[in-house]
4 protein chains.
Amino acid sequence: MGSTPQARRSDTRERIQSTALELFVSQGYEKTSLREIAEALGVTKAALYYHFKTKEDILTAISDELGRPVDELIAWGRAQPATLETKRELLARYSSALREAAPLYSILQENQAALRELGVGRKLTERVITISQLMHAGDAPLAHQVRLSSALLTVHFGAFTTARLEGDAETKRKALLDVGLEILDSTRDDG
Amino acid sequence: MGSTPQARRSDTRERIQSTALELFVSQGYEKTSLREIAEALGVTKAALYYHFKTKEDILTAISDELGRPVDELIAWGRAQPATLETKRELLARYSSALREAAPLYSILQENQAALRELGVGRKLTERVITISQLMHAGDAPLAHQVRLSSALLTVHFGAFTTARLEGDAETKRKALLDVGLEILDSTRDDG
Amino acid sequence: MGSTPQARRSDTRERIQSTALELFVSQGYEKTSLREIAEALGVTKAALYYHFKTKEDILTAISDELGRPVDELIAWGRAQPATLETKRELLARYSSALREAAPLYSILQENQAALRELGVGRKLTERVITISQLMHAGDAPLAHQVRLSSALLTVHFGAFTTARLEGDAETKRKALLDVGLEILDSTRDDG
Amino acid sequence: MGSTPQARRSDTRERIQSTALELFVSQGYEKTSLREIAEALGVTKAALYYHFKTKEDILTAISDELGRPVDELIAWGRAQPATLETKRELLARYSSALREAAPLYSILQENQAALRELGVGRKLTERVITISQLMHAGDAPLAHQVRLSSALLTVHFGAFTTARLEGDAETKRKALLDVGLEILDSTRDDG
DNA sequence: TATGAATGAGACTTCATTCAT
DNA sequence: CATGAATGAAGTCTCATTCAT
């Protein structure tokens with residue numbers, strides 16, 4: 001007996017998550033209704049409520065999963081000294097983490113207004129802000145700060161806006177990172 | 001008598017526009033209901049419909065007004081040769097245009113998903129894309145392209161994300177522009 | 001001077017009436033809004049209210065004008081004895097009156113539900129019923145009654161439903177009247 | 001216990017249909033709001049939307065149910081030769097079908113303008129036109145055509161307008177059919 | 001003779017959520 | 001593990017009508 005090894009505890013929850021992710025990305029969080037998610041899955045709305053307490057909960061679960069690399073990066077960052085070398089590494093690791101987390105941040109970006117009031121929205125925003133703070137840590141002169149911002153902006157938003165450029169995603173990612181690092185290095189000259 | 005000079009034939013239309021702008025920026029387009037706008041103005045919902053045909057129309061009017069500097073910039077850009085000097089100028093002018101258009105693009109950014117289906121959303125997006133195309137015109141190698149993107153990203157998104165940094169807005173704008181121009185200039189070295 | 005002879009007292013009222021008639025016929029009474037009528041005329045809604053007290057009033061004016069032939073027929077009918085010959089004449093005159101009144105009855109037919117509550121609706125319905133009563137007057141056996149109904153139905157509804165048939169309107173009208181008269185004559189045989 | 005036998009999984013859908021039918025007949029389609037239907041049933045408007053996608057959908061469901069006899073008649077008619085005998089039979093069967101379909105056609109007639117734009121309206125109209133075409137099939141001279149129209153008009157509209165006459169419904173229906181058949185037969189003489 | 005501005009009522013519809021089964 | 005049924009709140013929009021100018 002027990003031909004299904006140790007009963008995978010229902011994959012429905014995961015299917016909900018991934019369907020919701022797809023729809024949130026393509027249509028937006030608010031514009032995606034639970035009815036749509038349920039229909040896309042071939043279940044009833046009530047079924048969603050068996051697996052998640054609220055609509056927000058679905059996004060929270062997605063956020064917890066896709067945001068992990070960024071969380072780990074934050075943990076790592078907090079333990080480092082605020083040197084330029086740390087920041088170079090931070091930028092590189094963030095660029096890398098975005099590979100997985102991009103859909104999540106796409107949702108955040110495109111639905112900021114809608115998520116503003118939601119716990120999950122605040123959490124998502126916090127992560128971005130924290131990365132930004134780690135990047136800015138210690139550096140005082142505005143000229144510096146702005147360069148640090150620029151480097152992060154390049155890596156972060158570049159991930160979304162360079163979709164229209166030719167070339168494969170990984171190549172573009174590296175190119176963006178290179179530019180970001182250069183900007184970072186240029187902070188050495190001033191002040 | 002009558003401190004209201006020569007009885008303007010009702011400035012309600014403009015008041016709707018500016019109230020709506022405020023609310024769209026602070027709460028988002030979708031999250032702002034016509035009821036709220038009407039209440040904030042002390043009129044009825046129906047009054048809004050006397051002045052604007054639909055909710056989208058209100059945003060369109062705002063977009064036409066605040067987006068004018070960018071439209072003019074586009075017109076200018078199209079008439080220029082695709083030289084580095086043009087791009088430097090383009091970046092500078094765009095930075096400048098953003099002073100007025102920033103709220104508009106803030107709305108676009110934070111409500112992208114919600115505006116995707118709307119005519120006005122497409123128009124807004126188009127403007128951004130066009131600026132981006134003018135910036136990328138003619139330059140082939142990916143390394144170049146990415147730098148051009150980075151420069152624009154810095155100026156565009158910097159306008160929103162540096163709100164958290166100390167310093168007055170105009171100073172920060174100039175600092176961002178300087179970084180952007182530097183990135184642009186660095187395209188000379190490669191290739 | 002006074003090239004406009006004795007000032008035609010504003011033809012706007014009449015223009016409203018005829019535009020409204022057109023729209024009521026083509027779209028229905030309820031489906032035609034005052035905004036549409038006003039726009040079609042190039043005036044404002046408020047202008048309509050200068051000439052007519054309510055929307056219903058516009059239809060009432062139309063009804064008074066186009067319904068006159070039927071009113072006259074009713075007056076005539078009431079003064080006649082309830083003989084078969086009277087009914088033949090009644091049918092012929094009604095057929096003739098419909099030439100002018102048809103649009104009016106088209107409105108009544110197609111918007112019966114909407115007009116049920118309205119004074120003008122009741123008045124319109126009354127006219128039809130009265131004609132019908134004049135037609136049925138005096139005749140007792142059901143077989144008779146039904147024939148009389150059939151004759152009237154033929155003339156009345158035929159005016160609308162034979163639009164799809166080939167042939168010019170007047171020819172069809174006469175043909176319908178002939179059939180109606182035949183049916184009427186057939187009442188002689190039974191009983 | 002439980003006088004409600006085996007707990008029907010909710011008959012609400014049917015109750016909505018029959019309540020709506022009643023109201024559509026007595027007040028008209030447009031004049032009947034979903035609020036009214038809901039209140040009459042003691043449910044909320046949203047409940048209606050659980051069972052039907054739109055207001056029109058409710059009428060469509062009603063139309064599908066009550067219109068079935070006419071649909072069957074059309075199917076039958078299409079398979080017959082265009083002889084006088086067929087037309088006699090068609091008229092008889094149509095008269096019979098109207099017993100069930102009358103409320104439906106009452107709605108169509110009294111709300112024609114309102115239903116013109118609706119899919120269900122077009123479907124309803126089509127049915128009537130098709131019956132009429134089957135009736136007219138093959139017969140050329142206008143005198144014939146008009147007689148055929150008259151016969152159908154008598155049976156169709158007679159069903160509604162003879163409500164005011166004394167006598168029970170079934171008797172009147174037969175009487176109308178008889179007259180209709182006579183008119184049909186009279187087509188033999190001319191030409 | 002007409003307009004500009006505004007209103008109050010009400011329409012259809014959609015949504016996230018709940019709960020008994 | 002999931003469904004069927006229902007709700008309450010809210011949203012966008014349209015309409016006939018009014019009134020000061």
Side-chain angles (χ1 to χ4, degrees), chain A residues 7 9-13 16 29-38 41-58, chain B residues 7-13 16 30-38 41-58, chain C residues 7 9-13 16 29-38 41-58, chain D residues 7-13 16 30-38 41-58:
Chain A
R9 253 305 219 143
S10 149
D11 63 336
T12 303
R13 201 184 142 93
I16 293 173
Y29 175 77
E30 290 261 80
K31 283 275 195 206
T32 301
S33 68
L34 294 184
R35 178 177 52 67
E36 272 175 300
I37 299 176
L41 280 164
V43 298
T44 50
K45 267 184 291 175
L48 303 185
Y49 278 91
Y50 178 80
H51 292 282
F52 295 93
K53 239 178 28 203
T54 65
K55 183 184 180 184
E56 186 185 347
D57 244 44
I58 301 180
Chain B
R8 12 171 160 49
R9 269 240 184 232
S10 160
D11 58 343
T12 306
R13 198 187 145 94
I16 293 173
E30 292 259 82
K31 283 276 193 207
T32 301
S33 70
L34 294 181
R35 180 180 50 69
E36 273 175 300
I37 299 176
L41 280 164
V43 298
T44 53
K45 273 180 287 169
L48 304 186
Y49 279 94
Y50 175 75
H51 292 282
F52 297 92
K53 258 210 319 250
T54 64
K55 183 184 179 184
E56 185 184 348
D57 240 47
I58 301 180
Chain C
R9 248 309 216 140
S10 149
D11 63 336
T12 303
R13 200 184 142 92
I16 293 173
Y29 174 77
E30 290 261 80
K31 284 275 194 207
T32 301
S33 68
L34 293 184
R35 180 178 50 67
E36 271 175 300
I37 299 175
L41 279 165
V43 298
T44 50
K45 267 184 291 174
L48 304 185
Y49 278 91
Y50 177 80
H51 293 281
F52 295 94
K53 236 177 32 200
T54 65
K55 183 184 180 183
E56 186 184 347
D57 244 45
I58 301 179
Chain D
R8 14 173 159 48
R9 269 244 184 231
S10 158
D11 58 343
T12 307
R13 197 186 146 94
I16 293 172
E30 292 258 81
K31 283 276 193 206
T32 302
S33 70
L34 294 182
R35 180 179 52 69
E36 273 175 301
I37 300 176
L41 280 164
V43 298
T44 53
K45 272 179 288 169
L48 304 186
Y49 279 93
Y50 175 75
H51 292 282
F52 297 92
K53 259 209 320 249
T54 64
K55 184 184 180 185
E56 185 184 348
D57 240 47
I58 301 179

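Residue numbers start from 1 in every chain, and the chains themselves are labelled A, B, ... in the order their sequence lines are given, proteins ahead of strands.
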Enumerate the protein-to-nucleotides 17-21 of chain F contacts in which both atoms are nitrogen or oxygen and the separation is below 3.5 Å.
from	atom 1	to	atom 2	distance (Å)
dT17(F)	OP2	Tyr49(C)	OH	2.9
dT17(F)	OP2	Lys55(C)	N	2.9
dT17(F)	O5'	Tyr49(C)	OH	3.2
dT17(F)	O4	Lys45(C)	NZ	3.3

Ile37(D) CD1 to dT13(E) P, in whole Å, measures 11 Å
**Prompt:** Are any of Ser33(B)'s side-chain N or O atoms less than 4.0 Å away from OP1 or OP2 of dA10(F)?
**Reply:** no
Taking for Thr32(D) and for Ala47(C) the nucleotide of DNA chain E with the nearest heavy atom, the one nearer the 5' end belongs to Ala47(C)
Contacts table for residues 41-53 of chain D: side-chain donor-acceptor under 3.5 angstrom, sequence neighbours left out:
none

Taken to the nearest whole Å, CG/Leu41(A) to P/dC1(F) is 16 Å
Closest heavy-atom pair, Lys55(C) versus Thr32(C), reported as atoms and distance to 0.1 Å, is NZ-O, 2.9 Å
To the nearest angstrom, the CG-C1' distance between Leu48(D) and dA11(E) comes to 14 Å
Dot-bracket for DNA chain E, 5' to 3', Watson-Crick and G-U pairs with both distances under 3.5 Å, [ ] for crossing pairs, | for partner on another strand, reads .||||||||||||||||||||
Arg13(A) CZ to dA2(F) C1', in whole Å, measures 16 Å
To the nearest 0.5 Å, atom CD of Glu36(D) lies from atom CG of Leu34(D) at 9.5 Å
Ile16(A) atom CD1 is separated from dT3(F) atom C1', nearest whole Å, by 14 Å
Q) Hey, does the side chain of Arg35(C) come within less than 4.0 Å of dA16(F)'s phosphate (OP1/OP2), counting only N and O? A) no
Original post:
Within the pair His51(D) and dG4(F), is there a side-chain N or O less than 4.0 Å away from OP1 or OP2?
Top reply: no
In whole angstroms, the gap separating P of dC12(E) from CG of Asp57(D) amounts to 14 Å
**Study point:** Any Thr12(A) side-chain N or O less than 4.0 Å from OP1/OP2 of dC1(F)
**Key:** no
Applying salt bridge (charged side-chain N to carboxylate O under 4.0 Å, His left out) to Glu30(D) and not counting sequence neighbours gives Lys31(C)
Residues passing the salt bridge (charged side-chain N to carboxylate O under 4.0 Å, His left out) test with Arg35(C), sequence neighbours excluded, are Glu39(C)
Phe52(D) atom CZ is separated from dA5(F) atom P, nearest whole Å, by 12 Å
* Does Tyr50(D) make a side-chain N or O approach to OP1 or OP2 of dA5(F) shorter than 4.0 Å? -> yes
**OP:** Please determine if a side-chain N or O atom of Thr44(A) lies less than 4.0 Å away from the OP1 or OP2 oxygen of dG4(F).
**Re:** no
